[in-house]
Amino acid sequence: SSSAASPAQDKKAAAEKTRDSILADIADARLKAKVKLLADAAIAGVKVQKLTAKLSAADEDAACSTAFTKAEMSASDGACVAKAASSGTRRLSATTYDIEIMFSSAVVSNDALTKAADALKANGVEGVTSQTSVDPITELKVVPGIDTSKLQTFDKEAAEAAAAAPEPPPPKLVLDDDDFAVGLGGRRAVAAASACALAVIALLR
């Protein structure tokens with residue numbers, strides 16, 4: 001195999017270089033993680049899922065970790081940004097935070113997003129909304145502090161990288177244990193049917 005990069009790899013590398021230049025301008029770690037998730041989704045040609053809610057917490061980190069816990073998800077599944085709600089009157093040491101969690105649709109399916117939103121509501125979280133199939137570039141355009149000329153370049157490069165990329169695999173967080181058992185059973189049935197078909201073909205010969 002040749003060591004030369006394929007056109008698809010070249011396009012991806014160009015988009016990632018611009019992404020890294022955009023990320024270098026962002027000081028806030030949580031915002032940086034959100035922008036990286038959005039940029040990576042754009043490069044892969046996948047949409048993002050968005051979950052918003054309001055909850056009281058001592059600080060931004062606590063707000064985000066509580067949000068993931070109450071959504072029954074892992075913090076590694078998405079990127080969370082928490083902002084103190086503008087009308088939030090401080091009660092004791094807690095502030096009300098507007099939480100926004102972004103997930104790549106390559107990681108979190110529509111069903112998994114619905115389950116997370118339902119879990120937040122069941123755990124007493126207010127103001128829960130969810131949005132599926134959000135365009136990552138549209139989201140990047142409203143992030144404060146991103147250089148617009150860099151974003152224009154990135155938009156073009158990401159579109160080219162996505163067009164050249166292989167088909168993305170299905171989302172990781174889709175199956176329940178029950179579904180998985182059915183999936184395996186179904187696969188066994190298909191394998192058995194294939195074996196029968198091969199046997200019939202062999203007999204016909």
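Computed from a predicted structure; not experimentally measured.
Annotation: side-chain hydrogen bond (donor to acceptor under 3.5 Å, both in side chains) contacts of Thr52 (sequence neighbours excluded): Thr129. In this structure Ala14 satisfies the side chain to side chain contact (heavy atoms under 4.5 Å, CB included) test together with Glu157, sequence neighbours excluded. Partners of Lys32 according to the side-chain hydrogen bond (donor to acceptor under 3.5 Å, both in side chains) rule, which considers only residues two or more places apart in sequence or in another chain, do not exist here. Remark: Glu160 pairs with no residue by the side-chain hydrogen bond (donor to acceptor under 3.5 Å, both in side chains) rule, at least two apart or across chains. Partners of Glu100 by side-chain hydrogen bond (donor to acceptor under 3.5 Å, both in side chains), not counting sequence neighbours, listed by chain and number: Lys34.
With rounding to the nearest 0.5 angstrom, the CD atom of Gln49 is 5.5 Å from the OG1 atom of Thr132. Atom CD1 of Ile146 and atom CD of Gln152 lie 12.5 Å apart (nearest 0.5 Å). Within the model, atoms CZ of Phe154 and NZ of Lys17 stand 14.5 Å from one another, a figure rounded to the nearest 0.5 Å. Rounded to the nearest 0.5 angstrom, Lys11 NZ and Lys156 NZ are separated by 9.5 Å. Between the OG atom in Ser130 and the CG atom in Asn110 there is a gap of 9.0 Å [rounded to 0.5 Å]. Going from atom CZ of Arg19 over to atom NZ of Lys12 covers 8.5 Å, rounded to the nearest 0.5 Å.
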In residues 21-30, what donor-acceptor pairs under 3.5 Å come from side-chain atoms, sequence neighbours left out?
from	atom 1	to	atom 2	distance (Å)
Ser21	OG	Lys150	NZ	3.0
Asp25	OD1	Lys150	NZ	3.4
Asp25	OD2	Lys150	NZ	2.7
Asp28	OD2	Arg30	N	3.2
Asp28	OD2	Leu31	N	2.7
Arg30	NE	Asp61	OD1	3.1
Arg30	NH2	Asp61	OD1	3.1

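Ionic pairing of Lys115 and Asp111 is not present here: no N-O contact between side-chain nitrogen and carboxylate oxygen is shorter than 4.0 angstrom.
Nearest heavy atoms, Ala44 versus Ala162: C-CB, 4.2 Å. In this structure, Thr69 and Ser65 approach most closely via the heavy-atom pair OG1-O, 2.8 Å. Minimum heavy-atom separation, Ser56 to Ala94: CB-CB, 4.2 Å.
With hydrophobic clusters built from ILVMFWY side chains whose heavy atoms lie under 4.5 angstrom apart, Phe68 shares a cluster with Tyr97. Taken together through direct or relayed side-chain contacts under 4.5 Å among Ile, Leu, Val, Met, Phe, Trp and Tyr, Leu38 and Ile101 form parts of separate hydrophobic clusters. By the criterion of side-chain heavy atoms lying less than 4.5 angstrom apart, applied directly or through intervening Ile, Leu, Val, Met, Phe, Trp or Tyr residues, Val48 is grouped together with Leu151 in one hydrophobic cluster. Cluster membership for Ile43 and Val108, using ILVMFWY side-chain heavy atoms within less than 4.5 angstrom, is not shared. Follow the hydrophobic side-chain contacts under 4.5 Å out from Met73 and you reach Val128 in the same cluster.
Under the 4.5 Å side-chain criterion, counting only non-hydrogen atoms from C-beta, Val125 is not in contact with Lys54. When side chains are defined from C-beta on, Thr96 does not count as touching Glu126, because their heavy atoms never get closer than 4.5 Å. Between Asp155 and Lys141, the closest side-chain pair of non-hydrogen atoms falls below 4.5 Å. Side-chain contact between Ile99 and Cys80 is present, with heavy atoms from C-beta onward closer than 4.5 Å.
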Derivation of the side chain to side chain contact (heavy atoms under 4.5 Å, CB included) call for Glu72 and Asn123: CA-CA 10 Å; Glu72 293 170 11; Asn123 285 315; 3.8 Å; yes
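Put simply, the side chain of Asp40 never gets that close to the backbone of Leu37: no donor and acceptor are under 3.5 Å apart.
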